[in-house]
Amino acid sequence: MKHPFEFGGVISAAHFINRKSELDLLEKNFISGQNTILISPRRWGKSSLVNRAAVIVAERHKSFRIIKLDLLAIRTEGEFLEAYLSATLKALGRTIEKSLKLLREVASILVPKLTFSAGPDAQMKVGVDWKQAVQNKSEILELPQRLAEKYKLQVVVAIDEFQGIAELVDVNNFDAVLRTIWQHHQNVCYCLYGSKRHMMLALFTSYSAPFYHFGDTHVLEKISREHWVGYIVDRFERFNKQISNEVASWLASAAEDHSHYVQQVAQIAYGLSNVDCTQETAETAFNQLIYQLEPFFSEQVSSLSRTQLGFLAAVLNGEVAFSSSRVLKKYNLGTSANASKLKVVMQEKEIIQLTRSGEFEFVDPLFKAWYSRR
Ligand SMILES: Nc1ncnc2c1ncn2[C@@H]1O[C@H](COP(=O)(O)OP(=O)(O)OP(=O)(O)O)[C@@H](O)[C@H]1O
Ligand SMILES: [Mg+2]
C-alpha cells in the first residue's frame, strides 16, 4: 500500500468501506436468482460495489460463477457478443482447454482462436469474427444457462455501463432480444448497472421498454459522512500523520461525500500536511482540486448555451419554480416551455439530476463548487 488513499478505478478490498446493506442485498439477490438493476451517478462506487459483492459471493458459495463485462468501450453487436463469449468462458472455463471442452459440450460455436494472458488481470480473448458471432447470437446468449445447468452452478452475469446496450450502432432493439432470451434462464441471474441515470431509467422503468420490471431496481446512495470521517482519520494515522474528526468531516462535506472526490481531496490534503492536517491545509487541498479540474469544467461550460447557463445559475440559487415568470425573467430562460425543455436536456447531459425529494442538484459537486465561484 503506497498511498494512503485510492481513487481512479475499482477500489481494492483494503480500502473498501461500508456499503454493508448494499452488499447484503446483492448477495441475497444473487443467491435467490433475483435480477438486480443498480443506478448511480458516476464515481459513486457502483463498479467497486458489484465487484466486492462478486468476490464475497464467490468466496462463500463454491457453486457460484460471476461473468463480468463492461459495455463502456463496446460499440457494435458483434463486439458485445465477442465480449460476452470471452467473459463467459473466462468465468466458467478458466483455462483454454477447459473452455474449448465446454464449448464442444454445450454449443456448436466454432472458435478459431482463444488466447489467455496470465497475471492478476488475466484476460481470456476469443477470436471469433464478428459476423460469425452475430450468426451464433442465441447460442452465445444461452451459453451461461446451458453451462450452469450442465455443471449444476449458479451464475450471475454482471454488466457494467449497461445503458450502452441502447447505443450499439448497428442494431436496433437489441434489448428486446436479450430480454426474450434471458427471461427463460432458471440458473442465471443478471445484475445490470450503469451511471447514465436517464438512460437506465428509460430502459428499466418506462412501461414500453423491454426491460420494464426486469428486476429489483435500486438507486445507489452515497457513503455516509461518519464512514468517511473514520476512514480518513484512520488512513492519516496509518501513514504517520494526523487529522482531526472535524477537519476530516470538513473534507468529506466539501466533496459532498462523493466517493471519488473524497478520496482525491483527502490524498491532496495528506500530501500538503506536515504532520497535522489543519483546517487551512484542508481548504488549500480543496482549492487545489478545483484548480486541477478547471480545464474540464471550462470545456463543459463552453459547450452550453446561454439559457442552459442561466438554468444552472437558477439551480445553484436553489430555485424550484422554473416556469414562474420571476425565474424565467431573472435567469433569461425564455418561455415556460423552454424551461421544461431545459430540465430534460440538462439531465440528458448528466449535469443536473433530480434528488429523491424531487429537487434538482448538480451531478458533480466539484463542478458546482467551481461554477458557483465564477
Ligand atoms: N466502498 C468504497 N469505499 C471507499 N472508496 C470507494 C468505495 N466505492 C468507491 N470508492 C471511491 O470512488 C471511486 C470510484 O468508484 P467506482 O469506479 O467503483 O465508481 P463507479 O460508480 O463505478 O464510477 P464510474 O461511473 O466511473 O464507472 C473509487 O476509485 C474510490 O476512490
Ligand atoms: Mg464503474
Side-chain angles (χ1 to χ4, degrees), residues 1-27 36-56 66 68-74 83 87 121 158-165 167 191-201 217-236 238-239 248-249 251-271 285 289 292-293 296 300 349-351 353 362-367:
M1 284 191 283
K2 280 190 264 112
H3 301 290
F5 297 94
E6 201 177 272
F7 53 90
V10 166
I11 196 110
S12 60
H15 284 261
F16 189 93
I17 56 168
N18 196 37
R19 296 264 185 240
K20 290 203 167 50
S21 59
E22 292 91 339
L23 287 171
D24 284 350
L25 176 98
L26 286 178
E27 184 173 6
T36 310
I37 291 104
L38 195 63
I39 306 170
S40 90
R42 295 217 58 194
R43 306 276 153 84
W44 279 26
K46 288 171 304 299
S47 303
S48 298
L49 170 64
V50 178
N51 267 39
R52 188 79 204 112
V55 170
I56 291 174
I66 320 268
K68 277 193 296 186
L69 73 160
D70 186 341
L71 298 196
L72 198 61
I74 287 179
D121 291 326
I159 307 186
D160 206 346
E161 304 299 351
F162 185 74
Q163 73 275 345
I165 211 70
E167 292 185 313
C191 177
L192 310 172
Y193 47 116
S195 50
K196 302 225 163 142
R197 187 198 297 233
H198 73 280
M199 291 175 77
M200 289 294 283
L201 290 176
T217 305
H218 292 270
V219 176
L220 194 65
E221 302 277 350
K222 284 176 177 169
I223 294 172
S224 64
R225 181 76 45 85
E226 51 171 310
H227 290 109
W228 283 125
V229 172
Y231 171 76
I232 294 170
V233 171
D234 176 61
R235 300 305 301 173
F236 267 74
R238 278 173 199 252
F239 281 75
S249 177
L251 280 175
S253 100
E256 293 191 9
D257 302 306
H258 180 287
S259 301
H260 171 94
Y261 284 143
V262 174
Q263 295 265 9
Q264 194 172 11
V265 77
Q267 176 70 47
I268 299 172
Y270 178 86
L289 180 55
Q292 269 182 36
L293 295 165
F296 303 103
Q300 198 165 16
K349 287 179 177 287
E350 305 285 328
I351 295 175
Q353 63 192 1
F362 280 67
V363 173
D364 187 322
L366 267 289
F367 179 66

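Position 1 is the first residue of the sequence; numbering continues from there. All ligand and atom numbering here is 1-based and tracks the order in the structure.
Residues S195 and Q163 meet the side-chain proximity criterion, which asks for heavy atoms closer than 4.5 Å. With a 4.5 Å cut-off on side-chain heavy atoms, Y261 and D364 count as touching.
Of the options R43, E22, H15, the smallest heavy-atom separation from atom 14 (C) of ligand 1 is shown by R43. Atom 13 (C) of ligand 1 has its nearest heavy-atom neighbour, among H260, R19, K196, E6, in H260.
Closest protein heavy atom to atom 7 (C) of ligand 1: I223 CD1, 3.9 Å. From the protein, the heavy atom lying nearest to atom 22 (O) of ligand 1 is S47 OG, 2.8 Å.
Ligand 1 lies within reach of W228, whose nearest heavy atom is under 4.0 Å from it. Ligand 1 is approached by E161 to a heavy-atom distance shorter than 4.0 Å.
Taking CZ of R42 as the start and OG of S259 as the end, the distance is 13.0 Å to the nearest 0.5 Å.
Of the possible polar contacts, none joining the R235 side chain to the F5 backbone as a donor-acceptor pair under 3.5 Å is found. S40 places no side-chain N or O within donor-acceptor distance of the main-chain N or O of K46, the cut-off being under 3.5 Å. Y270 places a side-chain N or O within donor-acceptor distance of the main-chain N or O of F239, the cut-off being under 3.5 Å. A distance-only check finds a donor-acceptor pair linking the side chain of K222 to the backbone of E256 [under 3.5 Å].
H198 and Q353 share no side-chain donor-acceptor pair at under 3.5 Å.
For residues 6-20, every residue pair satisfying the salt bridge (charged side-chain N to carboxylate O under 4.0 Å, His left out) rule, not counting sequence neighbours, is listed here: R19-E22. Sorted by first and then second residue, the salt bridge (charged side-chain N to carboxylate O under 4.0 Å, His left out) pairs with a member in residues 7-18 form an empty list; sequence neighbours excluded.
Remark: ligand 1 and G45 share an N or O pair separated by less than 3.5 Å (distance only, no angle test). Residue-to-ligand polar distances keep V10 apart from ligand 1: every N/O pair is separated by 3.5 Å or more.
Closer than 2.8 Å to the Mg ion (ligand 2) sit the protein N, O or S atoms S47 OG.
Interface of G9 with ligand 1, defined as ligand atoms under 4.0 Å from a residue heavy atom, comprises 17 (O), 28 (C), 29 (O). Of all atoms in ligand 1, listed by their number and element, those nearer than 4.0 Å to a heavy atom of I17 are 1 (N), 2 (C), 3 (N), 4 (C).
For H227, the side chain to side chain donor-acceptor pair (under 3.5 Å) criterion is met by N18, S224, not counting sequence neighbours.
Contacts with ligand 1 closer than 4.0 Å are made by backbone heavy atoms (N, CA, C, O) of W44 only, the side chain lying farther away.
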